[in-house]
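Atoms within a ligand are numbered from 1 in the order they appear, just like the ligands themselves. These numbers come from the heavy atoms of this one structure, side chains and all, not from hydrogens, waters or symmetry mates.
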Amino acid sequence: MRVLVIEDEPRLNRQLEVALAEAGYAVDVAYDGEEGHYLGDTEPYDVVILDLGLPKMDGLSVLEQWRRDGRKMPVLILTARDRWSDKVAGIDAGADDYVAKPFHIEEVLARVRALVRRAKGHASSELECGPVRLDTKSARVTYNGNPVKLTSHEFRLLSYLMHNEGRVISRTELVEHLYDQHFDRDSNTIEVFIGRLRKKLPGGLIKTMRGLGYVMAAPESTESDDAKAAKKDG
Ligand code: CA
């Protein structure tokens with residue numbers, strides 16, 4: 001999952017960037033509204049953390065402009081503790097949630113997880129695909145109940161596939177959602193990570209759709225789809 005942080009206070013920006021990166025997100029940062037608006041307009045983010053008080057272009061205008069242009073990514077706004085009117089204006093402008101300053105970083109992380117989950121249609125913080133379970137809260141993965149050790153890149157990839165279970169995802173989409181803007185993007189590395197995931201999580205859960213990309217699905221659901229197709233044909 002890829003996150004954009006727009007916050008002009010350097011220390012706070014850095015704190016958010018580090019915490020999100022440690023939690024397994026690819027993170028891009030901006031320090032003013034103009035730069036932030038541009039990034040959100042041109043890059044595909046899974047969630048944006050947007051401060052309202054920003055130089056060059058205020059957060060509310062950034063948000064309004066995105067929504068007017070049809071940008072639908074989930075946006076979490078950062079507001080001043082005592083400004084209830086900011087929260088109302090922010091939500092009216094198209095924010096999905098807010099956190100008041102000063103905040104505990106854990107609260108921001110929990111709200112980010114929830115926004116990503118809901119945007120992908122998941123209610124629970126634990127994702128399941130056949131024998132694989134992924135706890136988005138603890139970032140732990142099990143296979144048939146046994147813990148599986150993944151590197152941060154493997155986890156990022158698995159998390160994206162599981163959040164989008166059953167949907168074919170192109171290599172380009174994976175690259176765009178797994179790496180930040182400064183990462184040296186080589187889409188071949190995706191294939192390497194897919195291969196490693198398949199070894200650690202066997203059973204044909206991650207399928208290659210030739211020329212299209214990858215899809216992760218539990219074997220049962222694929223079978224029932226095949227059965228349905230067979231019935232339809234026959
Ligand atoms: Ca600010």
Side-chain angles (χ1 to χ4, degrees), residues 1-120 125 136-139 152 156 159-160 163 176-185:
M1 300 295 162
R2 192 165 163 205
V3 184
L4 171 62
V5 175
I6 311 175
E7 165 62 62
D8 57 316
E9 202 187 303
R11 235 178 30 197
L12 195 51
N13 189 313
R14 180 76 188 139
Q15 190 194 2
L16 287 164
E17 183 188 13
V18 169
L20 287 159
E22 275 173 6
Y25 296 92
V27 190
D28 287 341
V29 299
Y31 295 90
D32 65 67
E34 256 174 39
E35 189 193 2
H37 173 265
Y38 173 76
L39 282 174
D41 214 29
T42 51
E43 298 286 331
Y45 292 102
D46 296 292
V47 64
V48 176
I49 298 174
L50 173 65
D51 184 32
L52 289 187
L54 290 169
K56 292 190 186 174
M57 185 176 179
D58 69 273
L60 219 50
S61 304
V62 170
L63 184 55
E64 280 168 352
Q65 189 68 51
W66 279 338
R67 295 313 192 214
R68 253 203 306 277
D69 294 337
R71 307 271 174 266
K72 294 195 178 79
M73 66 286 201
V75 174
L76 173 72
I77 51 170
L78 304 177
T79 67
R81 170 76 62 196
D82 49 351
R83 297 282 296 274
W84 65 267
S85 54
D86 279 0
K87 296 166 194 163
V88 173
I91 287 167
D92 279 344
D96 299 273
D97 201 356
Y98 67 85
V99 175
K101 288 180 180 178
F103 49 73
H104 286 282
I105 202 79
E106 285 305 324
E107 183 182 357
V108 175
L109 292 176
R111 289 181 187 278
V112 165
R113 283 195 297 273
L115 285 177
V116 169
R117 229 159 51 210
R118 268 186 257 136
K120 309 283 182 195
S125 65
T136 58
K137 219 170 115 193
S138 62
S152 62
R156 233 184 245 185
S159 174
Y160 195 80
H163 272 90
E176 281 179 336
H177 286 265
L178 299 183
Y179 302 124
D180 62 66
Q181 58 170 339
H182 302 300
F183 195 86
D184 180 19
R185 295 168 180 198

Do you see an N/O/S atom of Gly59, backbone or side chain, under 3.0 Å from the Ca ion (ligand 1)?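 Checking Gly59: none of its N, O or S atoms is under 3.0 Å.
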Counting backbone and side-chain atoms alike, is an N, O or S atom of Asp51 positioned under 3.0 Å from the Ca ion (ligand 1)?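 Looking at Asp51, which is the residue asked about, there is an N, O or S atom under 3.0 Å from the Ca ion (ligand 1).
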Just checking Phe183: does its CZ atom have more than 12 heavy atoms from other residues, nucleotides or ligands closer to it than 6.0 angstrom? yes
How is the N/O/S atom of Asp8 that comes nearest to the Ca ion (ligand 1) named? OD1
Pairwise side-chain contact, Tyr25 with Arg113, heavy-atom cut-off 4.5 Å (strictly under):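 The answer is yes; the side chains approach within 4.5 Å.
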Backbone N/O of Leu54 and side chain of Asp51: donor-acceptor pair under 3.5 Å: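 The answer is no, because no donor-acceptor pair under 3.5 Å joins these two groups.
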Only one of Lys72, Arg67, Arg118 passes salt bridge (charged side-chain N to carboxylate O under 4.0 Å, His left out) with Asp96; say which it is.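 Of Lys72, Arg67, Arg118, salt bridge (charged side-chain N to carboxylate O under 4.0 Å, His left out) with Asp96 is met by Arg67 alone.
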